[in-house]
**Student:** 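Here it is: the structure, laid out below.
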Amino acid sequence: MKDDHHQVFNELAETGKLADLLSALGTHLDEYLSFEHDDSMKNASDWQQQLNGELPEKGVGAQQVIAEIGEVVLPNGSAIPKPGFTSFITTGATSIGALATLSGSVAAPQRIGLNAFNYLEQVSLRWMAEMLELPTEMKGLYSSGGSVANLVALGAARQHAFEKIGVDPAQEGVIKPCRVYASAGCHNTINRAIAVLGMGRNSVKAIPVDESGRMRVELLNDAIRLDIQNNILPVAIVANAGSTSTGAVDLLRAIGEIAWQYGVWFHVDGAYGLPGILDPETKPYFDGLELADSVIVDPHKWLGAPVGIGATYVRDYSLLYRAFHQGEADYLEGSVYEENIQHSMDNLGIPYNDFGVELSAPCRGAVVWAMLKEIGVEGMRARVCRHNAMARLLAEKANKHHNLELMLAPILSICCFRYTHNNCHDLNELNRQIHRQLLLNNQNLPSTAMVNGQLSLRPCFVGARTHWSHVDDLLDEVLTIGDQLMKEGI
Ligand SMILES: *Cc1c(COP(=O)(O)O)cnc(C)c1O
């Protein structure tokens, strides 16, 4: 009898209805979202020991797996979804995003085919372009995140630049020294993308930034002119719409005009910051966005999607095809019809696999569609406005307090500040220790950044569950810890 029982678990992927399993999992997830558990490193040896068992010869069944997820895995999950978490640029997914992801993995395991999930990629990309006021002729493509989204955009830029000199770089390779001009404040995924695209990291020219973190446009002009004189091919200019350290938005119009003047591809990295265009207060920063040839945005940052969703938009989609198409394949012969379509697998649907670097990939469109459908543009705008206003409120309070110093006026939803004290001779070390103690207290969890050589606390407000109260909570805690450390005499 017992053996029969095991047999069932061995042979079937699951027992019982998904609804029952989901209901059990839902209870555990709600418990997790009450954030009453300790940080996972408090009792690491306990749960590691429980999880580090032998390879199971016999299965325990789906219900038991859910129970273990609820009892051992979830309570020792990540700190990122905590409402007080403001490190880096990342946050927990909203529930609708997580549920839409689950729906896709059940009902459309691949993004291909003529079905609602494939269709929603196009719908949601169009919605997002409209919401973020991208040029109307731009078309989008999903990928796993900002790193790949930048790679895809820069692949189009490479194609554009080399085709102009009569070379197909996708076929023939990069046969001439070339250059990509990027703000010194650009994300380092730009360097990697350029390396992967065969242009070499050395071909990235970092253009210095001013004290507020924006590219110095006059230096850009000089750099391009010099390269052209030296027969180096300009491939792209990369500007930030929300830099990762401070949220700086480059002067898009001025940079875009230079790009157009030289006929050089203009790429805007808005992985984090582009949704800032929804806030009337910060919208003016995005003036000139319409000059871009390509733009990226990460729905898995400010829009609250589960991680694994980035989007690239380009003006000339055919460049993506020429840069990334896979060519013929024996296994596709005879399976794909262009006419007289009668079945969802008669055709691959929107052929994303020929426009980027992924083939098998999850259906991300339904996730973005669900998030926009849930709260609408109004809801997204309200969230972005709240986050930006929280950064400004924090800045205002830091400015007023004699033990706090604002390092940089917030541009979007990042605020860099630090604790100061007349008797402290090493403020970098003091703030490092404050940050360490914040982590150990496990409530308010900003990261840090060097701002003009000074170590700052750097909350970035992007979490849907992060609210106004977290501004005061964070400041109160920083002051309490700072005062205490000064009393102890660091
Ligand atoms: C986060 C970020 C990236 C990288 O995105 P991933 O989704 O982490 O791959 C690129 N550029 C900027 C400006 C970012 O903030």
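Counting starts at 1 for both ligands and their atoms, following the listed order. Predicted model, so just to flag it, every value in this text is computed and none were measured.
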**Student:** Could you list the atoms of ligand 1 found under 4.0 angstrom from a heavy atom of Ser147?
**Tutor:**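 Going through ligand 1 atom by atom, the ones under 4.0 Å from Ser147 are 4 (C), 5 (O), 6 (P), 9 (O).
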
**Student:** Do any nitrogen or oxygen atoms of Thr189 lie less than 3.5 angstrom from nitrogen or oxygen atoms of ligand 1?
**Tutor:**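 No; the residue has no nitrogen or oxygen that sits under 3.5 Å from a nitrogen or oxygen of the ligand.
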
**Student:** Counting each atom of ligand 1 from 1 as listed, which ones have a heavy atom of Gly145 under 4.0 Å away?
**Tutor:**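 Counting atoms of ligand 1 from 1, those under 4.0 Å from Gly145 are 7 (O), 9 (O).
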
**Student:** Got Val314 and Phe355 here, is their nearest side-chain heavy-atom distance under 4.5 Å?
**Tutor:**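 No, too far: nothing below the 4.5 Å cut-off.
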
**Student:** Can you name the atoms of ligand 1, numbered from 1 with element, that are less than 4.0 Å from a heavy atom of Tyr272?
**Tutor:**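 In order of number, 15 (O).
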
**Student:** So, Asn428 and Gln454: side-chain donor and acceptor under 3.5 Å apart, yes or no?
**Tutor:**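 Absent: no donor and acceptor within the cut-off.
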
**Student:** Which part of Asn150 is near ligand 1, with near meaning a heavy atom under 4.0 Å away: side chain, backbone, both or neither?
**Tutor:**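 For Asn150, only side-chain atoms sit under 4.0 Å from ligand 1.
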
**Student:** Heavy-atom contacts with Asp269 under 4.0 Å: which atoms of ligand 1 show up? List them by number with element.
**Tutor:**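 This gives 10 (C), 11 (N), 12 (C), 13 (C) as the contact atoms.
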
**Student:** Between Lys301, His187, Arg192, which one has a non-hydrogen atom sitting closest to atom 1 (C) of ligand 1?
**Tutor:**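 It is Lys301 whose heavy atom sits nearest to atom 1 (C) of ligand 1.
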
**Student:** State plainly whether the residues Asp227 and Arg179 are in salt-bridge range, i.e. N to O under 4.0 Å.
**Tutor:**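 Looking at Asp227 and Arg179, the cut-off is met.
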
**Student:** So is there a nitrogen or oxygen of Thr244 less than 3.5 Å from a nitrogen or oxygen in ligand 1?
**Tutor:**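 Yes; at least one N/O pair falls below 3.5 Å.
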
**Student:** Could you verify whether a donor N or O on one side chain and an acceptor N or O on the other, from Asn76 and Gln48, lie under 3.5 Å apart?
**Tutor:**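 Note: Asn76 and Gln48 side chains miss the donor-acceptor criterion.
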
**Student:** Would you name the heavy atoms of Leu132 and Pro275 that are closest together and state the gap between them?
**Tutor:**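 What the structure gives for the nearest pair is CD2-CA, 3.7 Å.
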
**Student:** What is the closest protein heavy atom to atom 6 (P) of ligand 1, and at what distance does it sit?
**Tutor:**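 Looking only at protein heavy atoms, the one closest to atom 6 (P) of ligand 1 is Gly146 N, 3.3 Å.
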
**Student:** Hey, is Asp222 close enough to Arg225 for a salt bridge, meaning N to O under 4.0 Å?
**Tutor:**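 Result for this pair is yes, salt bridge flagged.
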
**Student:** Short list, please: which atoms of ligand 1 are under 4.0 Å from a heavy atom of Asp298?
**Tutor:**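 Reading through ligand 1 atom by atom, the close ones are 5 (O), 6 (P), 7 (O).
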
**Student:** Could you tell me, atom by atom, which parts of ligand 1 come under 4.0 Å of a heavy atom of Ile89?
**Tutor:**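 With Ile89 as reference, the close atoms of ligand 1 come out as 15 (O).
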
**Student:** Among Leu289, Val384, Val249, Val297, which residue satisfies the side-chain contact (heavy atoms from CB on, under 4.5 Å) criterion with Ile277?
**Tutor:**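 Exactly one candidate clears the test, Leu289.
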
**Student:** Are Arg364 and Glu358 within salt-bridge range, i.e. N to O under 4.0 Å?
**Tutor:**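 Looking at Glu358 together with Arg364, the answer is yes, because their closest N to O distance falls below 4.0 Å.
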
